[in-house]
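Notes follow once the structure below has been shown.
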Amino acid sequence: MTARVIGVLALQGDVPEHLRALRDAGARAVPVRRPEELHQLDGLVIPGGESTTLWRLSVAFDMLEPLRKLIASGLPAFGSCAGMIMLADRLADGVAGQLTYGGIDMTVRRNAFGRQVDSFESDITLAGLGEEPLRAVFIRAPWVAQNGEDVAVLGTDQRTGRIVAVRQGQLLATAFHPELTPDRRIHELFVDIVKDNT
Ligand code: GLN
């Protein structure tokens, strides 16, 4: 079976780390930044970085509407941190006018854990991904403040009890950065979601 092609949105953020993690997980991974590059894809990763910048660059690169439509029509997508924000149907503490691609029936609160100084690492047990906790890196991370009934909670932060990993069908989002640690379980899960979808 040929490897699925997964794009990493390369407008801003930790693109090389996601490309590497996806390749480790057995996918063909390519950076994408133009609307015409989207049609070849079996899945899309939206990296962390800064959601206000992702929003503005998406508008500047004519990517906002194409991505909204593709995600709404069923393209599998995985967003980490700012990418989680971009997959949220609703935003709390966004800047004036800030838009997302949407797709997951949830409200995500930006910078919910505090300021830069509050970036931290912690161990998260993820539903369906084995007993072993995953070391999760949080950087000015959001959390899920509210989620619809079709949204499965995959992981919560032990200290605050907040939801930090979710899945709704073919859409996956984490408040942390699995691309920054060697554990590949989240990327493997996403590659499996893409395979099941095509
Ligand atoms: N705080 C950032 C935002 O609002 C996200 C931070 C990150 O992706 N590491 O987009």
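Start at 1 and go down the list; that is how both ligands and their atoms are numbered.
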Gly49 heavy atoms, cut-off 4.0 Å: which ligand 1 atoms fall inside? 2 (C), 5 (C), 6 (C), 7 (C), 8 (O), 9 (N)
Which residue owns the protein heavy atom closest to atom 10 (O) of ligand 1, what's the atom, and how far is it? Ser51 N, 2.4 Å
Does CZ belonging to Arg34 count more than 12 external heavy atoms closer than 6.0 Å? no
Is any N or O atom of Ser80, backbone or side chain, closer than 3.5 Å to an N or O atom of ligand 1? no
Could you tell me, atom by atom, which parts of ligand 1 come under 4.0 Å of a heavy atom of Gly48? 8 (O)
Using a strict cut-off of 4.0 Å, indicate which atoms of ligand 1 neighbour a heavy atom of Cys81. 5 (C), 6 (C), 7 (C), 8 (O), 9 (N)
Where do Val32 and Leu38 land on the side chain to side chain contact (heavy atoms under 4.5 Å, CB included) test, with the steps shown first? CA-CA 7 Å; Val32 292; Leu38 297 175; 4.2 Å; yes
Residue that, paired with Phe138, satisfies side-chain contact (heavy atoms from CB on, under 4.5 Å) out of Asp118, Thr174, Ile124: Ile124
Do Ile6 and Val45 come within less than 4.5 Å of each other through their side chains, counting heavy atoms only? yes
Between His18 and Phe78, how do the two ring planes meet: parallel, tilted or perpendicular, split at 30° and 60°? perpendicular
Of all protein heavy atoms, the one nearest atom 4 (O) of ligand 1 is Arg110 NE, 2.7 Å
Find all atoms of ligand 1 within a distance of less than 4.0 Å from any non-hydrogen atom belonging to Asn111, and give their numbers and elements. 1 (N), 2 (C), 4 (O)
Ile85 heavy atoms within 4.0 Å reach ligand 1 at atoms 3 (C), 4 (O), 10 (O)
Would you say Gln168 and Asp105 make side-chain contact, with heavy atoms under 4.5 Å? yes
Please confirm whether His177 comes within less than 3.5 Å of ligand 1 when only nitrogen or oxygen atoms on both sides are compared. yes
For Pro47 versus Asp14, what's the shortest heavy-atom pair and its separation? CB-OD1, 3.4 Å
Identify, for atom 2 (C) of ligand 1, the protein heavy atom at the shortest distance, and state residue, atom and that distance. Glu50 OE1, 3.4 Å
